[in-house]
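Throughout, a chain's letter reflects where its sequence line sits, starting with A, and its residues are numbered from 1. Here the structure is a predicted model, which means the values were calculated and not measured.
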There are 2 protein chains.
Amino acid sequence: MAVTMNDVARAAGVSLKTVSNVLNDYEFIRPATKKRVQDAIAELGYEANLTARSLRSGKTRMLGLVLSDLSAPYYAELASRLMKAASRRGYRVLVEQSDAAGEVELNALQGPFRQLTDGLLFTPLVIDADTIAARLGKKPLVLLGEHILDPRFDLVTMKNGEAAAALTAHLLAGGRRRIAVIGAHPDESAGSAGLRLNGYRKALDEAGVPFDPALIAPCDWRRDNGAAAVAGLLDGGVEFDAVFGLNDVLALGAMHELLIRGVHVPRDVAVAGFDDIDEARFASPSLTTVSPGMEEIAERSIGLLIDRIEGREAEGQAAHIEAGFQLEVRESAPQVS
Amino acid sequence: MAVTMNDVARAAGVSLKTVSNVLNDYEFIRPATKKRVQDAIAELGYEANLTARSLRSGKTRMLGLVLSDLSAPYYAELASRLMKAASRRGYRVLVEQSDAAGEVELNALQGPFRQLTDGLLFTPLVIDADTIAARLGKKPLVLLGEHILDPRFDLVTMKNGEAAAALTAHLLAGGRRRIAVIGAHPDESAGSAGLRLNGYRKALDEAGVPFDPALIAPCDWRRDNGAAAVAGLLDGGVEFDAVFGLNDVLALGAMHELLIRGVHVPRDVAVAGFDDIDEARFASPSLTTVSPGMEEIAERSIGLLIDRIEGREAEGQAAHIEAGFQLEVRESAPQVS
DNA sequence: CTGAAAGCGCTTACAG
DNA sequence: CTGAAAGCGCTTACAG
């Protein structure tokens, strides 16, 4: 059916190997030979069969990306950037949504998904370091996020603690003293939720403001959870003058609930988030938040993974990369409030 | 290295073909034989090599999805649902972001991307029907959206015109008479923008309200465009009592700009959008919009494409499917305003 | 610099 | 119901 290397070889009057050499940019080919092959390729409209190449070489030039849900704005924006970064380097990204299901995470580590990709970018939400290590296999893996900080694995992450502390300090500087935290995950300390909560506590300590557990609302990280959590605090009679949503959609959900109930933002309650998704800038009021260096995270995690795949990175030592962050002060929690 | 079918055949004491029969659920296998093969598979931990299977069968069980930008909320939510629908049927989705570049769209149609997938879900933004037809090849293609309505191609779309008319009628019923439209694309009539604008005009006609070109603001479909367009209208002294953003992010950007400038929504100006992205429900005020049946679109487009791939759908006649829509009336443009 | 041959791991007619 | 053989289209040692 399709034009094969054999057809090209015949048309150019050379052997298969010579065609392969031209395709793979082998150095030592006589210019005349090379030209003849290239002409034949152009004339016949030959395109290399990627599947055959993969079968023989064992490489697919695809990277796997495992995350919980592509429709969450933070992940959508991250995935988009990761795909562009990969594309610039000649790779594609195949996405797997885990829905935070352990079974899916496991399968991504060793099933067909692994087979289809040369390396994995993985945001583990359920399974732990030992489980990963046990199923890992030999293909490279780079962890994204901070659910697992382990010397065995490469990790690209953000300054969760520092950034949360800076944001909390900003709220305190604005005169806020009772800062509710939405989206805590009590069972977990190494995850983003835990690290951000730690940063919050650290900032309180440094300012000499007592920590009040009543202000900490545990919940999942979707928009509606943020609204429900604030409703819970208000209905429970908890007093607060600021809300720190551990991510932006939580903060936006919380802000919506406050406004519905006639609580003025930021006068009565300041609101801040984490992620700086596109929407944060255009919310009403616009959302004060942390920009966690998403572009840097995308660029460096793709770079690291491909370096591992192509063997450019020394083995044995795992890399732990932290992107820089920046405070984005906007209307929902202005400088002086 | 890895366990192959040969290893399984040897362990089970059968031929390659028998193992293949078991793997492919061939009906007529003696139960005892089948069991022996399955035991061998389990014991050896055999996993089929998908690349080899693809090379031989010519199928990858991957679907291609071409869209402009995965980080746009509508596309992110759609992609997430498409991937889940495909997964239920045993397929994966490989995404290509075109950034509305014609070159990328062309390559998706015939280059390596096409090779890697058994069929394509395509949202063409730049190239036209004849270009698509010329490069199509024999693999199935389903168009998504309405940039091209052509008897040669399968299409799954939404009721753009009807829904826009219904939304406009709702604004008119609320007493609005000067409804600005944000996001028109003057050069295009078959696209979503053109169809929605037509629906708007039709609703005006039916209500006997004159059409005023000064109210139509052309721009791209990003959040910041919506804000800029409203700013332009206000600065230009155009009077209006409602804004119809041709998609939700435009409406949300517009609403942000109105609120910044002290224009009350919905009292002074009602705002409505199109798409019903997750964020619409949680905006402040929450956004009145059209829910275009995204789940139905995802389910039916994946179903149609896979039917074509697997030859279950009669050839020769293109299917044109329109999902149903629903008006979501919320605070930004309530029933009586 | 180039060629002839083997083989990646499957599926698919073809026999029986 | 099952087996022996060919072949999908490449890359990769191995020669020369």
Taking [Y]'s backbone N and O only, do any of them form a donor-acceptor pair with [X]'s side chain (distance below 3.5 Å, no angle check)?
X	Y	answer
A/Gln97	B/Met83	no
A/Thr60	A/Leu116	yes
B/Lys139	B/Leu120	no

Check your understanding: Would you call B/Glu299 and B/Arg81 a salt bridge, using N to O less than 4.0 angstrom?
Key -> no
Practice item. Using a strict 4.0 Å threshold on nitrogen-to-oxygen distance, state whether A/Asp7 and A/Arg10 make a salt bridge. Key: yes
side-chain N/O [X] vs [N] OP1/OP2, d < 4.0 Å:
X	N	result
A/Thr4	D/dG9	no
A/Thr18	C/dG3	yes
A/Ser20	D/dT11	yes

How long is the line joining [atom1] of [X] and [atom2] of [N], in whole Å?
X	N	atom1	atom2	result
B/Arg61	C/dT11	CZ	C1'	15 Å
B/Asn21	C/dC10	CG	P	14 Å
B/Met5	D/dG3	CE	C1'	12 Å
B/Asn6	C/dG7	CG	P	13 Å
B/Asn24	D/dT2	CG	P	15 Å
A/Arg10	D/dG9	CZ	P	12 Å
A/Lys34	C/dT2	NZ	C1'	15 Å

Review point. Of all the choices, D/dT12, C/dT11, C/dT2, which nucleotide is nearest to the side chain of A/Lys17 once you look at every atom?
Key: D/dT12
Study note, to complete from the structure: Regarding the side chain of A/Leu16, the nearest nucleotide among D/dT11, C/dT11, D/dG9 is D/dT11
Exercise for review: Would you check if there is a donor-acceptor pair between the side chains of A/Thr131 and A/Asp128 at a distance under 3.5 Å?
Suggested key: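 A/Asp128 vs A/Thr131: donor-acceptor pair found between side chains.
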Check your understanding: Distance from B/Thr51 atom OG1 to A/Gln115 atom CD, nearest 0.5 Å?
Key ->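 Result: 6.0 Å between the selected atoms.
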Exercise for review: Only stems of 3 or more consecutive Watson-Crick or G-U pairs count here, both distances under 3.5 Å; name the ones for DNA chain C, or none.
Suggested key: C:1-3 with D:14-16, C:5-12 with D:5-12, C:14-16 with D:1-3
Exercise for review: Report yes if some heavy atom in the side chain of A/Arg114 is under 4.5 Å from a heavy atom in the side chain of A/Leu136; otherwise report no.
Suggested key: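 Side chain of A/Arg114 against side chain of A/Leu136, heavy atoms only: contact under 4.5 Å found.
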Point to revise | Note, A/Ile302 side chain near A/Tyr91 side chain (heavy atom, < 4.5 Å) | key: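 The answer is no; the side chains never approach within 4.5 Å.
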Exercise for review: Strictly below 4.0 Å, heavy-atom distances to any atom of DNA chain D: list the hits from residues 45-60 of chain B, or just say none.
Suggested key: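 Contacting residues: B/Leu55, B/Arg56.
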